[in-house]
2 protein chains.
Amino acid sequence: MAPTSETLTAERILEATEEVLRRHGPAKATVVDVARALGVSHGSVYRHFRTKAALREAVTKRWLDRTSGELSGIVAADRDPETRLRDWLAALFAAKRRKAGDDPELFATYTVLTDENGTAVGEHIADLTSQLTRIIEAGVATGDFAAIDPEATARAVFQATGRFHDPCYAREWEEPGAESDFRAVVDLLVRGLRP
Amino acid sequence: MAPTSETLTAERILEATEEVLRRHGPAKATVVDVARALGVSHGSVYRHFRTKAALREAVTKRWLDRTSGELSGIVAADRDPETRLRDWLAALFAAKRRKAGDDPELFATYTVLTDENGTAVGEHIADLTSQLTRIIEAGVATGDFAAIDPEATARAVFQATGRFHDPCYAREWEEPGAESDFRAVVDLLVRGLRP
DNA sequence: CGAATGACAGATATTGAAATCTGTCAGCTG
DNA sequence: CAGCTGACAGATTTCAATATCTGTCATTCG
């Protein structure tokens with residue numbers, strides 16, 4: 001982490017914060033650590049982020065947005081709605097599971113944020129639900145799905161698959177039955193969506 | 001809590017422990033407290049329960065079994081399977097929500113136990129899933145439900161409704177949308193079960 | 001003049017010593 | 001002799017003193 005002499009931007013701070021979080025975990029990462037990693041005083045960090053919570057939230061938001069981005073490709077894909085729905089849910093499960101495994105410390109940060117009821121997590125969920133809504137609307141349009149209220153239905157699908165994307169279940173994602181449990185739930189939900 | 005002079009039984013210890021847990025919460029309740037409440041030495045408690053964890057688990061088991069008992073009546077009820085399924089899920093949601101509200105300290109104990117992966121919670125879940133399996137089997141028999149593997153389907157239904165009975169969501173059970181979210185998920189699942 | 005600094009007050013976290021608790025067991029008691 | 005006790009060792013928790021951190025702001029620097 002050689003302190004570059006480039007101007008200090010929010011982006012560079014987020015980069016450094018992510019690195020510090022990865023190394024120290026959410027409980028031990030301090031703003032002073034971040035400033036040290038950047039070779040600046042911690043006061044400078046506060047010029048870009050009002051509080052430590054705001055910084056943590058910004059890092060998490062960036063991290064969550066990467067997932068949303070991956071998934072949005074599936075929403076727009078050129079396939080029948082049922083396949084898109086199955087792919088989307090599978091991709092969400094895979095992405096969360098991968099993040100929990102590869103970046104345990106960042107994942108812990110995300111979990112902390114969930115508990116704190118930050119807006120970033122709420123927005124992420126709203127974003128994902130809206131992607132789901134679009135897939136379901138497409139299915140209603142083609143006659144593949146029957147849903148009176150696509151948005152409520154999307155929320156129901158999202159909540160019903162919580163076990164496979166909600167951080168509070170992260171421990172169980174690596175257990176043997178997880179994959180087949182996932183298929184069973186998705187099959188049931190897809191059957192429920194059909195006219 | 002006047003120390004009765006009756007013989008010390010496992011049952012009396014469980015009674016006293018529940019009271020101590022209710023009063024102090026899982027973090028502060030000690031075996032010494034339980035012994036004091038009973039007017040005996042803590043060594044006597046260890047005659048009936050090998051460890052503190054075993055005592056905590058026994059209390060939780062008793063408490064969980066009360067819920068299982070309430071629900072088993074619905075499994076045996078004289079109604080069509082779909083109604084039984086809906087009633088059973090609604091009763092499970094209501095029971096958990098009530099317990100979280102009325103006995104927050106005991107509920108916290110239950111949550112701690114879930115995290116510790118004690119067998120009592122696993123057995124409780126197995127018990128509930130087997131009740132669900134019986135309802136689904138009944139539905140398959142009458143032709144109301146189509147399920148190739150009733151047990152796997154029961155597990156799927158249980159997992160898909162996790163948001164409405166898993167302690168990690170307890171906070172959200174009192175929020176305004178909870179009831180309608182519940183109905184949306186149950187409707188979707190019931191549709192998925194129909195032939 | 002805008003960006004960065006570093007000293008500061010109050011809040012939070014760490015630390016290590018003292019208190020309490022868990023689990024055992026030899027011996028007491030009815 | 002079955003059931004209970006209380007002293008004990010080691011583990012855990014508490015508590016208060018100390019150190020560190022968060023967030024602010026008057027001042028410096030380029």
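Proteins come first, then strands; the chains are lettered A, B, ... in the order of their sequence lines, and each starts at number 1.
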Exercise for the section: Report the distance from atom OH of A:Y46 to atom P of D:dG23, rounded to the nearest whole Å. Expected result: 4 Å
Problem - Whole-Å distance separating the CD1 atom of B:I13 from the P atom of D:dG3 - result: 12 Å
Exercise for the section: Please tell me which of B:A53 and A:H48 maps to the more 5' nucleotide of DNA chain C, matching each residue to the nucleotide holding its nearest heavy atom. Expected result: A:H48
Problem - Salt bridge present between B:R23 and B:E105 (N-O < 4.0 angstrom) - result: no
Exercise for the section: Give a yes/no answer on whether the side chain of A:S41 brings an N or O atom under 4.0 Å of OP1 or OP2 in C:dG6. Expected result: no
Practice task
May I ask you to say whether A:E151 pairs ionically with A:R134, meaning some side-chain N is under 4.0 Å from a carboxylate O?
Solution key: no
Exercise for the section: Rounded to the nearest 0.5 Å, what's the gap from NE2 on B:H42 to CZ on B:R36? Could you check? Expected result: 11.0 Å
Handout entry: Ring centers of A:W173, A:F164 separated by less than 6.0 Å
Key = no
Handout entry: Salt bridge present between B:R163 and B:E175 (N-O < 4.0 angstrom)
Key = no
Problem - Between C1' of D:dG23 and CG of A:L55, the distance in whole Å - result: 13 Å
Practice task
For DNA chain D, determine which residues of residues 24-33 of chain A have any heavy atom closer than 4.0 angstrom to one of its atoms, and list them numerically.
Solution key: A:T30, A:V31, A:V32
Handout entry: Ring geometry between A:Y110 and A:H124 (parallel below 30°, tilted from 30 to 60°, perpendicular above 60°)
Key = perpendicular
Practice task
Answer yes or no: is there an ion pair linking A:R194 with A:D144, defined by an N-O contact shorter than 4.0 Å?
Solution key: no
Exercise for the section: Kindly point out which of C:dT22, D:dT5, C:dT5 is positioned nearest to the side chain of B:K52? Expected result: C:dT22
Problem - Structure string for DNA chain C in dot-bracket form, Watson-Crick and G-U at under 3.5 Å, | interchain - result: ||||||||||||||||||||||||||||||
Handout entry: Residues A:R22 and A:E18 bridged, charged N to O under 4.0 Å
Key = yes
Practice task
Write down the distance between CZ (B:F49) and C1' (D:dC4), rounded to a whole number of angstrom.
Solution key: 16 Å
Exercise for the section: Among C:dT5, D:dT22, D:dA7, find the nucleotide with the atom closest to the side chain of B:H42. Expected result: D:dA7
Practice task
May I ask you to verify whether the side chain of A:R47 and the base of C:dA3 hold a donor-acceptor pair under 3.5 Å?
Solution key: no
Problem - cation_pi(B:R97, B:F93) dist<6.0 Å, angle<=45 - result: yes
Handout entry: Euclidean distance, atom CG of residue A:L8 to atom P of D:dG30 [Å, nearest integer]
Key = 17 Å
